[in-house]
Amino acid sequence: MTRRERFIAVCRGEKPDYVPIIGFPWAPGMAGGCQRSAYYNLLATGMPDIGGCWDPAAMDKFNLKGWQDYWGTEGPLSIDFYPAKKYSPGITGTKTIKDGFEYIEFNTGALTKQVVDNDITYSMPEHIIYDVRDRDSFEYYKYLCTPSDPWTDEELDEACKKYDNRTQPLWITCGATWGQMRNLMGPYLASTILYDDPELVMDYMDWIRHQNRTFLFPLIKRLKPEVVAVSEDFCYNHGMFISGEHFNKFCAKTYAEIGDVVKANDIPMFLLDCDGFVEPALPLLIPHGLNAVFPWEVKSGNDLYRVRERYPELIMLGGIEKECVNAGNEGTIKSLVLEKRDLIKKGRYFPNGDHGIQPDVTFEGMRRFMTWLHEITENPEGTFPRLYD
């Protein structure tokens with residue numbers, strides 16, 4: 001089977017020759033490389049240098065293929081163009097160093113504070129001022145980020161031809177709803193604005209849907225990717241940050257439109273990336289066609305067996321505690337991985353770490369984790385030395 005065929009088989013609940021260990025953007029688990037501090041710790045604890053694997057958000061900056069060949073993992077293809085005649089002005093920023101921190105001033109008026117060289121050891125930045133603060137700043141942000149007219153059908157077809165005979169799954173991202181708005185406004189304003197200025201919220205959602213319909217839906221119809229994804233993050237460690245009422249009022253239409261396109265084009269996976277305790281969101285999302293979720297963070301209380309019982313056709317990715325590969329935790333790995341064996345047998349499950357690799361990772365931990373993960377998936381890939389103890 002090709003990687004594409006294998007991926008589709010798992011999504012459809014069919015029996016592949018083996019289950020791939022696949023990592024997706026935003027939460028790649030153990031499959032999509034790691035940041036520099038984690039890579040250096042792997043080297044310091046015994047891993048051979050397989051090629052520097054840096055920031056997963058910038059695929060051209062690290063040797064992803066070297067990582068995947070060594071650990072026996074894989075990831076989806078992503079398109080390398082946006083189908084607009086002219087790009088929007090876009091977001092730019094100027095960095096300055098002050099008092100041991102890096103400050104970034106953006107052309108939106110936003111101001112962020114973070115540790116110096118944050119791309120080496122990532123920590124959450126402090127958003128002092130957000131991009132969107134009121135109606136005027138939203139209109140300016142929209143001006144900066146709205147592309148011009150879409151390509152013609154002929155232009156789109158020509159750009160898409162390179163993906164026509166693909167043997168790997170292809171991934172396309174659509175615009176999301178409240179979680180994306182929260183990134184621009186901050187959680188406080190993104191919450192209170194639902195009550196104080198619902199018209200602005202509606203305008204924001206209309207803008208997202210306009211871009212989906214104008215630029216991304218034609219792309220989906222032409223390419224018929226294996227994955228259509230949205231990144232939302234509207235769940236925290238105790239459940240949804242917004243109410244079901246607000247989801248239905250402001251967000252549901254966007255999901256319904258994407259779901260209709262996914263169904264009409266027989267796309268195997270309509271995927272939500274959402275951290276936190278995501279189970280309460282499922283009854284709101286699934287009726288609109290969503291059929292896959294990741295990363296299923298264990299510490300937030302997600303129970304994959306409970307989810308499988310309630311939603312037998314839902315595709316799940318991740319769900320194994322990421323900290324098990326860190327120094328001092330290696331003894332927990334075997335049991336944590338082996339307990340997912342029954343879920344694999346039930347189908348529609350891609351096991352992996354539930355978010356990403358942390359700086360305290362050890363080579364022993366990664367070897368043991370990957371050994372048992374390959375064992376339960378019957379996956380023969382990877383050249384790393386197995387560690388079965």
Side-chain angles (χ1 to χ4, degrees), residues 6-7 10-11 13 19-34 38 56-57 67-68 71-76 169 171 173 179 226-227 229-237 239 268-282 285-286 290-311 313-326 329 332-333 335-358 361 365-366 369-370 372-377 379:
R6 191 175 294 117
F7 177 82
V10 176
C11 291
V19 175
I21 300 170
I22 190 166
F24 285 161
W26 311 324
M30 314 306 178
C34 61
W67 179 276
Q68 293 176 338
W71 290 112
T73 65
E74 58 187 81
W171 159 296
T173 303
E226 286 65 50
V227 185
V230 293
S231 179
E232 195 69 75
D233 282 354
F234 55 20
C235 293
Y236 287 61
N237 62 347
M269 182 182 285
F270 178 10
L271 175 68
L272 172 72
D273 165 41
C274 187
D275 299 351
F277 184 46
V278 72
E279 291 184 44
L282 297 179
L285 295 160
I286 290 175
L290 190 109
N291 71 346
V293 176
F294 82 130
W296 298 104
E297 292 184 306
V298 175
K299 287 191 172 180
S300 294
N302 295 297
D303 185 327
L304 270 63
Y305 281 96
R306 180 171 60 214
V307 172
R308 173 55 71 231
E309 183 176 348
R310 294 177 181 173
Y311 305 101
E313 296 190 354
L314 185 70
I315 306 164
M316 301 185 293
L317 306 95
I320 305 176
E321 172 52 53
K322 58 185 175 292
E323 294 184 6
C324 70
V325 298
N326 292 351
N329 297 339
T332 67
I333 291 172
S335 61
L336 287 176
V337 176
L338 289 184
E339 70 182 14
K340 297 298 189 289
R341 179 174 272 157
D342 288 343
L343 275 176
I344 294 172
K345 292 178 180 178
K346 292 177 184 293
R348 294 188 170 92
Y349 176 46
F350 297 90
N352 204 334
D354 63 10
H355 211 277
I357 299 170
Q358 298 178 321
V361 63
M366 277 292 293
F369 182 91
M370 284 299 190
W372 290 112
L373 194 55
H374 281 272
E375 185 76 9
I376 65 173
T377 56
N379 188 322

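Just so we're clear, the structure is a prediction, and the values are computed from it rather than from any experiment.
- Counting heavy atoms from C-beta outward, W372 and L336 have side chains that stay 4.5 Å or more apart.
- How far CE of M316 is from CG of L343: 5.0 Å, rounded to the nearest 0.5 Å.
- Note: K340 NZ to S335 OG = 9.5 Å, rounded to the nearest 0.5 Å.
- Between F350 and the choices W296, F24, F7, the ring pair (Phe, Tyr, Trp, His ring centres under 6.0 Å) rule is met once, by F7.
- Put simply, the side chain of D273 never gets that close to the backbone of D233: no donor and acceptor are under 3.5 Å apart.
- We find the CG-CG distance between L272 and L317 to be 11.0 Å, quoted to the nearest 0.5 Å.
- Summarising the geometry of F277 relative to G301, their closest heavy-atom pair is CE1-O, 3.6 Å, with the distance given to 0.1 Å.
- With E232 contributing its side chain and C274 its backbone, the two residues share no donor-acceptor pair below 3.5 Å.
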What do the steps show when you test L285 against V293 for side chain to side chain contact (heavy atoms under 4.5 Å, CB included), and what is the final call? CA-CA 10 Å; L285 295 160; V293 176; 5.6 Å; no

Yes or no on side chain to side chain contact (heavy atoms under 4.5 Å, CB included) for I357 and F369, after CA distance, side-chain angles and deciding distance? CA-CA 12 Å; I357 299 170; F369 182 91; over 6 Å; no

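- Considering only heavy atoms from C-beta on, L304 comes within 4.5 Å of Y349 through its side chain.
- The two residues V298 and E321 come nearest to each other via the heavy atoms CG2-N, 3.6 Å.
- Put simply, the side chain of N291 never gets that close to the backbone of E313: no donor and acceptor are under 3.5 Å apart.
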Show your working on side chain to side chain contact (heavy atoms under 4.5 Å, CB included) between M370 and T73 and close with a plain yes or no. CA-CA 9 Å; M370 284 299 190; T73 65; 3.6 Å; yes

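- Nearest heavy atoms, P280 versus G239: CG-CA, 4.2 Å.
- Between D275 and S300 there is no side-chain heavy-atom pair separated by less than 4.5 Å.
- Put simply, the side chain of N302 never gets that close to the backbone of G319: no donor and acceptor are under 3.5 Å apart.
- Closest approach of P169 to I22, counting heavy atoms only: CG-CD1, 4.2 Å.
- Of the possible donor and acceptor atoms, none in the side chain of H355 sits under 3.5 Å from a partner among the backbone N and O of G318.
- Judged by distance alone, the side chain of N379 and the main-chain N or O of V19 form a donor-acceptor pair under 3.5 Å.
- In this structure, L271 CG and W171 CH2 are separated by 5.5 Å, a value rounded to the nearest 0.5 Å.
- Here Q68 contributes atom CD and I21 contributes atom CD1; the two are 11.5 Å apart, rounded to the nearest 0.5 Å.
- For the pair A292 and M269, the tightest heavy-atom approach, listed with the atom from each and the gap, is CB-CG, 3.5 Å.
- Within the 3.5 Å criterion, the main-chain N or O of G276 finds a donor-acceptor partner in the side chain of E297.
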Set out, in order, the CA-CA distance, both residues' side-chain angles and the distance that settles side chain to side chain contact (heavy atoms under 4.5 Å, CB included) for V361 and N326, then state yes or no. CA-CA 4 Å; V361 63; N326 292 351; 4.2 Å; yes

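- Put simply, the side chain of P351 does not reach to within 4.5 Å of the side chain of V337, judged on heavy atoms.
- Distance alone, capped at 3.5 Å, places no donor-acceptor pair between the R308 side chain and the D303 backbone.
- A donor-acceptor pair is defined here as one N or O able to donate and one able to accept, closer than 3.5 Å; such a pair exists between the side chain of W67 and the backbone of M30.
- Two residues are said to be in side-chain contact when any heavy atoms from C-beta on lie closer than 4.5 Å; P25 and P76 meet this criterion.
- With rounding to the nearest 0.5 Å, the separation of CD1 in I315 from CZ in R348 is 7.0 Å.
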